[in-house]
Amino acid sequence: MALVTLLGVAECRPKYPTFTPEEIAAASSPVNDRPSHADETDPNLVPTAAALEKGETPALPSSAAAAASSEPAPAIEAAPEGGTEGESDGPLATVLPTGSGVYTDRYFPFLEDENEQGSVSVGDTSYGYIVGARHITEGESLAILPRQKGRDLGYGTDQMIRLLEDAARKFRARTGTKFWIGNIGRRGGGDIIYSVSHNSGRDADVALAYTTAAGTAIDPPDLVQVDSAGVSRDKEHKYRFDPARTWQTVRALLESSEAQIEFLFLARNLTEKILRHAAEKKEPAHLIERATVVLHQPAGAPHDDHLHVRVACSERDVEGGCQSLGPARTWVNPYNSARARRIERSVAALHHASPEQRARGIERLILLEAKDHQQEVAEHLSDPESRVRAAAAHAISHWGSAEDGAAIAAQLKVETDPTARAAMLSALSQLGGEAAGIELTLELANAGSVPWGRMGEAAYQPGSPAPFLMLAEALSPIAVFGPSLGLFAQDHTEPSFAMKLLIIDAAGLSDRPEVVEPMFVLLRDEDSTIRAHAALALSRLLNRPVDGMLENESLPLSGLTKTITDLEREAAPLKRNDRIAWVIEGFSKAGFKIPKVAGEHGWELLRALGTGEPYSHNAARLLRRVALGLPVEGGKKAPPKPPLFEESHAECLYWLKWLRGHTSKLSLPAPPDNLNMYCK
């Protein structure tokens, strides 16, 4: 992965948490777990393509001990320790190591009129994150299931946590038993390994209620899966689904005024059982009616072992860029006027005397998807402060098109600040277009080797983040929010080399034919790191693997002459062709049937997406091109750009879901039988 990819935030690219082999091994379950939730939104809804930042969160200290309740369990039959078979919240079922260290909440661009205390849910539930998350409090009424407690995933928005705690009190008062919950989310939000959602603090897993075969209430040891008859699938078949108490769970959630319920995901057969019970007991008609609307079995995820609660964005969340993908609910306030007011105040901040507020105004407009104000933001490409210029460049890369590359290129010609230059280079790599190709070609002319000190030792291979760390804080709608690391005040030879690598990587991601010729020049550079980055860039540009020797920094240039010459000869017919022709030719040589950029080849593009570099990179670019090329219907506003990803599995799942939702519009044929294998 190239360095610019690691700074994907500069390209509106969500950053996903990575799980080490040790973590995955530690989390592997000995039981026959089913796949993680495949789709937790209404299957009739088309997911938006919100390009939302998902920055990784530092390792969190375990809060399990501090959060543990010292109170005795309720006087009902105790459940055995350990898990049961069939947990549906993911294939990795035991406790993940939480690591250690001090957690620092991620930055958010609060404006000067805002209270920075409290939570903000940003983006949607699958690609968003949370700032200022609140942890659930265990007590007499509420507890976290043992296995889920060890994961340290008890964080959500203020509204979600208050909802759960309020519902637990109501449930306890009516049933005399405890309200058990599973996963909510990470402290900073983002992906969890157990689900495709739970990213922005607005999702929570609540345990179903169970009885013994004799009808005695029993605490669940875990999220216990039940069959169509409501009997647990464990070997002893010890647990029975309890419709009466599970209805009380639903009722308590719906009655609470702490949050607006958007969905309650649950298996259809279990929903029928609890609604039948509610009708027989003559429960309040308005609650039964609302439960009928919000209870839903999503496609691909039966939810037969827990109730998945999703709440709508609060007013504060909406002002921070929260997005609800669900259908309009009559009882849910979308807070459109609040969003409009926040956009207005963000635009006003563009003229603030403080550069910090000007930058935050731009950053906030990005989160609010306020593309209508692109021209006002573009004026700040020449702002006196570099951080503001960097934020403006990122906003244009987020909203703009190839035609907007000319403005970025013009400013880059006179830009001297490293952070602003880095942001503009990354913007050009995303926008593409002729202006980007010409300017990146000029930049490559100065990307040859120079003495660069210890930074060279850190950049031991393409994909190393070390040379990049000094740039990262200023390059994205989230990272740019953080204070400058101040490293540019040190030896300028080090960041200058990092900038050279960034230029090469940005050019490799630009999809422009102009940069190919100078990239071949860099293949013969004296510096092995520059050669390796140029080789990776060429691999993407030509859409074909290059000889691994070219990316091996331990080999001297003298031993690579023949390899370089062979590659030049092979690529000679392609050098001056249209870039898409190279991509198509590369796919054809690799055995992919993608004769043109068209939605009808979506399944084959998805297959290529799962095969690794360079095909995954180019397949993703073509899928985004197809998505943005769809006509807007019914006067609806065009969706924002589809997200860019660093984690290939999440990216593949996104496009799998998107293609399924647009089958007719894309004239897609029937999906292949092995479609689900594409994202393995």
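Treat the numbers as computed from the prediction; the structure is a model and nothing was measured.
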| query | Can you name the salt bridge (Lys or Arg N to Asp or Glu O under 4.0 Å) partners of Arg341, sequence neighbours left out? | reply |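 Partners of Arg341 by the salt bridge (Lys or Arg N to Asp or Glu O under 4.0 Å) criterion, ordered by chain and then number, come out as Glu315.
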| said: With salt bridge (charged side-chain N to carboxylate O under 4.0 Å, His left out) as the rule and sequence neighbours excluded, what pairs involving residues 394-417 come up? | reply: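 Non-adjacent pairs meeting salt bridge (charged side-chain N to carboxylate O under 4.0 Å, His left out): Arg389-Glu415, Lys413-Glu439.
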Partners passing side chain to side chain contact (heavy atoms under 4.5 Å, CB included) against [X] (at least two apart in sequence or in another chain):
X: Ala619; result: Phe587, Leu605, Ala608, Leu609
X: Asp113; result: Leu111, Arg342, Arg345
X: Arg625; result: Ile580, Val597
X: Arg316; result: Phe110, Val120, Ser314

| Does the pair Leu163 and Leu253 meet the rule for a side-chain contact (heavy atoms from CB on, under 4.5 Å), with working shown? | CA-CA 7 Å; Leu163 169 70; Leu253 290 164; 4.0 Å; yes
| request: Mind jotting down which residue pairs meet the disulfide bond (SG atoms under 2.5 Å apart) criterion with at least one end in residues 313-425? Sequence neighbours excluded, please. | output: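 Listed by first then second residue: Cys313-Cys322.
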| task | Please list all pairs passing the disulfide bond (SG atoms under 2.5 Å apart) test where one or both residues lie in residues 375-423, with sequence neighbours left out. | result |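 The answer is none; no pair qualifies.
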| Do we see a donor-acceptor contact under 3.5 Å between the side chains of His398 and Glu369? |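 A pair is found: one side chain offers a donor N or O, the other an acceptor, under 3.5 Å apart.
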| field | Between Asn183 and Arg151: side-chain donor-acceptor atoms closer than 3.5 Å | value |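 Checked: Asn183/Arg151 side chains pair up, N/O donor to acceptor below 3.5 Å.
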Could you work out, with side-chain hydrogen bond (donor to acceptor under 3.5 Å, both in side chains) as the rule, every residue matching [X], not counting sequence neighbours?
X: Gln260; answer: none
X: Asn333; answer: none
X: Gln357; answer: none
X: Glu112; answer: His352

| Going by the angle between their ring planes, with limits at 30° and 60°, are His296 and Phe263 parallel, tilted or perpendicular? |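 Tilted, since the angle between the ring planes falls between 30° and 60°.
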| With under 30° as parallel and over 60° as perpendicular, where do the rings of Trp658 and Trp655 fit, or are they tilted in between? |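 The rings of Trp658 and Trp655 stand perpendicular, inter-plane angle above 60°.
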| task | Give a yes or no on whether a salt bridge exists between Arg364 and Glu114, defined as a side-chain N under 4.0 angstrom from a carboxylate O. | result |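 Yes, Arg364 and Glu114 are salt-bridged.
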